[in-house]
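Scroll down for the structure; my scribbles are underneath it.
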Amino acid sequence: MIVLLAWAWSSSAPAEEASDAARYHACMSMIDTDAEAAFDTAIEWQGLGGGSAAKHCVAAALMALGYFDQAAERLENLAQDPVLDGSLKPEILRQAAQGWLSGGDAERAYAVLTSAIELEPSHSALWLDRGIVAAEIGLYDDAVTDLSRALTLEPSNPQAWLLRGSAYRMLDKRTEAARDVEEALRLDPESPEAYLERGNLRRLEGDDSGARRDWIEVITRAPQSAEADAARTNIERLDLGDGAQ
């Protein structure tokens, strides 16, 4: 999801700055209710000299409409705009990477996040996102490295603990995986994703009853979720004597 950014408006008149800020917020807010109208509005505003803020709303609208590659391309170009406030570039690149990943180009998403990290290496979300992409590509060792860096910067992030635990499981490092998933559950005891992952780990360790309890917990907490669907499949496979997914 593309979030609003704190643009540094170029106008020297406070009234014009307020007007530009209001127009940007209105354009971005419109995306939630009518992305096509937001796109048309942003294109018109861009044509009238709306600058970087208008371009950002265009890209955000395209993302909401499912044109991920076009949105990501525009966001990458926006990040290279010489008039752009440099402090905004890492977040814009992060959003571009989200577009590439949503469009199925994980390798480009990884490259874009690498560029963003070079600009702001203390931004924990960038390391988290690149860890996610690394796992998507199958680079689980790299995922562990990036997620460990994210946890160094933000040690109370349950998602980072959970994702690193999942990466450890894929590397067959079950002790480390179990430790991380337990920490994720300690930090967020309501997380269906964490219960799903702990169930997967318990199944690998031969604790079928514990795995079943965790997967039932997932279904109870979030019955309409993708995690619940995976838990139901895992329970069916457990009953058939197969492994977890």
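The two residues S52 and V83 have their closest heavy-atom pair at OG-CG2, 4.4 Å. The two residues W215 and Y195 make their nearest non-hydrogen contact at CD1-O, 4.4 Å. L151 approaches N157 most closely through the heavy-atom pair CD2-O, 3.9 Å. Listed here is the closest heavy atom pair of R212 and I235: NH1-CG2, 3.6 Å. Residue V58 comes nearest to A42 through the heavy atom pair CG2-CB, 3.4 Å, listed as atom of the first residue, atom of the second, then distance. In terms of heavy atoms, R202 sits closest to D214 at NH1-OD2, 3.1 Å.
With rounding to the nearest 0.5 angstrom, the CD1 atom of I43 is 11.0 Å from the NZ atom of K55. Distance OH/Y24 to CH2/W45: 8.0 Å, rounded to 0.5 Å. Here the straight-line distance linking atom CG of L75 with atom CD of Q98 works out to 9.0 Å at 0.5 Å rounding. In this structure, CD in E197 is found 10.0 Å from OG in S191, a value given to the nearest 0.5 Å. How far CZ of R164 is from OG of S166: 12.5 Å, rounded to the nearest 0.5 Å. Distance SG/C57 to CZ/R74: 11.5 Å, rounded to 0.5 Å.
Placement of L187 and V181 in two distinct hydrophobic clusters is found when ILVMFWY residues are connected by side-chain heavy-atom separations under 4.5 Å, directly or transitively. Note on V144 and M170: same hydrophobic cluster, where clusters join Ile, Leu, Val, Met, Phe, Trp and Tyr whose side-chain heavy atoms are under 4.5 Å apart, directly or indirectly. Note: the hydrophobic cluster containing M28 also contains M63 (ILVMFWY, side chain heavy atoms under 4.5 Å, direct or indirect links). Connection of Y110 to I92 is not established within any shared hydrophobic cluster, with ILVMFWY side chains joined at heavy-atom distances below 4.5 Å, either directly or through further cluster members. A continuous path of Ile, Leu, Val, Met, Phe, Trp and Tyr side chains, each step under 4.5 Å between heavy atoms, connects I216 with L196, placing both in one hydrophobic cluster.
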Just do the side chain to side chain contact (heavy atoms under 4.5 Å, CB included) check on Q46 and L48 with the steps written out, would you?
CA-CA 5 Å; Q46 182 179 329; L48 294 172; over 6 Å; no
Begin with the C-alpha distance, continue with both residues' side-chain angles, and end with the deciding distance and a verdict on side chain to side chain contact (heavy atoms under 4.5 Å, CB included) for D85 and L88.
CA-CA 6 Å; D85 180 354; L88 299 177; 4.1 Å; yes
Go through the steps to decide whether R149 and D146 satisfy the test salt bridge (Lys or Arg N to Asp or Glu O under 4.0 Å), and finish with yes or no.
CA-CA 5 Å; R149 184 60 181 272; D146 282 353; over 6 Å; no
One pair to check against salt bridge (Lys or Arg N to Asp or Glu O under 4.0 Å): K89 and D81. What are the steps and the verdict?
CA-CA 9 Å; K89 290 184 179 182; D81 190 332; over 6 Å; no
For E91 and R94: C-alpha separation, side-chain torsions, deciding distance, then whether salt bridge (Lys or Arg N to Asp or Glu O under 4.0 Å) applies.
CA-CA 5 Å; E91 180 58 33; R94 182 186 179 210; 3.7 Å; yes
Could you walk me through whether D180 and L162 pass side chain to side chain contact (heavy atoms under 4.5 Å, CB included), step by step?
CA-CA 6 Å; D180 282 8; L162 176 59; over 6 Å; no
Quick one: do W100 and E73 satisfy side chain to side chain contact (heavy atoms under 4.5 Å, CB included)? Show the steps, please.
CA-CA 8 Å; W100 290 123; E73 190 78 51; 3.7 Å; yes
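Panel note: side chain Y67, backbone A72; no donor-acceptor pair is recorded below 3.5 Å. Looking at W127, its side chain never comes within 3.5 Å of a backbone N or O of S122 through a donor-acceptor pair. Side-chain atoms of D105 never come within 3.5 Å of backbone atoms of L101 as a donor-acceptor pair (strictly under, hydrogens ignored). A donor-acceptor pair is defined here as one N or O able to donate and one able to accept, closer than 3.5 Å; such a pair exists between the side chain of R232 and the backbone of P223. The closest donor-acceptor contact from the side chain of T145 to the backbone of D141 lies under 3.5 Å. Remark: side-chain polar atoms of W161 are paired, donor with acceptor, to backbone N or O of P155 under 3.5 angstrom. Within the 3.5 Å criterion, the main-chain N or O of A21 finds a donor-acceptor partner in the side chain of H25. At distances below 3.5 Å, at least one donor-acceptor pair connects side-chain atoms of S225 with backbone N or O atoms of A222. With T33 contributing its side chain and M30 its backbone, the two residues share a donor-acceptor pair below 3.5 Å. Proximity of a side-chain donor or acceptor of R174 to a complementary backbone N or O of R169 within less than 3.5 Å is not detected.
L113 is not listed as a side-chain neighbour of L93, based on a closest heavy-atom distance of 4.5 Å or more. Contact annotation: the side chain of I132 approaches that of Q159 to within less than 4.5 Å [non-hydrogen atoms, C-beta and beyond]. Inter-residue side-chain proximity for N200 and L204 is flagged as unmet; no heavy-atom pair is nearer than 4.5 Å.
Between the side chains of Q80 and E76, no donor-acceptor pair of N or O atoms lies under 3.5 Å.
Under the 4.0 Å criterion applied to side-chain N and carboxylate O atoms, R186 and E182 are not assigned as salt-bridge partners.
Other residues, nucleotides and ligands place more than 12 heavy atoms under 6.0 Å from the CZ atom of F68.
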